[in-house]
Amino acid sequence: MSFFARGESNAELAGAQLARQATASLAGLLAGLGKTRSDLAKAMGVSPGRVSQIMSGDANLTVRTLAAAAEALGADVEIRFSPRRPDASEVTSSSRETSSVPGIPAHR
């Protein structure tokens, strides 16, 4: 597998996870507001089927779609980028050398 194929696969997985997070957050907001998918469809001016597509997490959600749903519900959408924390498998031997005192690096 080439480097680019691996990167594309990782991007696909990350995109799917992000879509699931967005739709779960939207579903939580709907429930918290006591609104249904039908209510959201009416507020967005789209069909109930379109809301089902959005909520399935399988649709290629755009920022504009998320903004439209938020606007219809009187909510905000927050998107932020942050560095990843390394997995345990990515920890190098040099980073394992830590002090027994939290926040204090080990001396070599």
Side-chain angles (χ1 to χ4, degrees):
M1 180 183 288
S2 76
F3 170 78
F4 292 107
R6 279 193 306 265
E8 186 175 313
S9 176
N10 288 344
E12 289 287 326
L13 291 172
Q17 182 180 5
L18 191 57
R20 285 190 302 272
Q21 288 173 349
T23 56
S25 180
L26 181 55
L29 178 62
L30 278 173
L33 294 173
K35 296 191 182 250
T36 65
R37 290 180 178 200
S38 182
D39 295 331
L40 178 58
K42 288 175 190 169
M44 290 179 70
V46 299
S47 70
R50 176 60 184 137
V51 170
S52 289
Q53 287 176 337
I54 293 167
M55 299 300 291
S56 74
D58 293 332
N60 185 11
L61 297 176
T62 66
V63 173
R64 286 183 176 87
T65 299
L66 296 174
E71 186 64 28
L73 296 172
D76 293 319
V77 176
E78 182 178 309
I79 298 173
R80 66 181 167 83
F81 290 82
S82 57
R84 288 188 187 130
R85 294 184 179 143
D87 292 337
S89 62
E90 295 174 353
V91 176
T92 64
S93 61
S94 64
S95 66
R96 288 185 191 135
E97 297 176 12
T98 59
S99 168
S100 61
V101 178
I104 307 290
H107 293 284
R108 292 185 184 187

Can I get a per-line list of side-chain donor-acceptor pairs under 3.5 Å for residues 26-47, giving both atom names and the distance, sequence neighbours left out?
residue: T36; atom: OG1; partner: S38; partner atom: N; Å: 3.3
residue: T36; atom: OG1; partner: D39; partner atom: N; Å: 3.0
residue: T36; atom: OG1; partner: D39; partner atom: OD2; Å: 3.2
residue: D39; atom: OD2; partner: T36; partner atom: N; Å: 2.9
residue: S47; atom: OG; partner: G49; partner atom: N; Å: 3.4
residue: S47; atom: OG; partner: R50; partner atom: N; Å: 3.0

Test side-chain hydrogen bond (donor to acceptor under 3.5 Å, both in side chains) applied to T23 - qualifying residues, sequence neighbours left out = none
Report yes or no: does S25 contribute a side-chain atom to a donor-acceptor pair with the main-chain N or O of A22 at less than 3.5 Å?
-> no
Residues two or more places apart in sequence or in another chain: which of them pass side chain to side chain contact (heavy atoms under 4.5 Å, CB included) with A19?
-> L61
CD of E71: more than 12 outside heavy atoms within 6.0 angstrom?
-> no
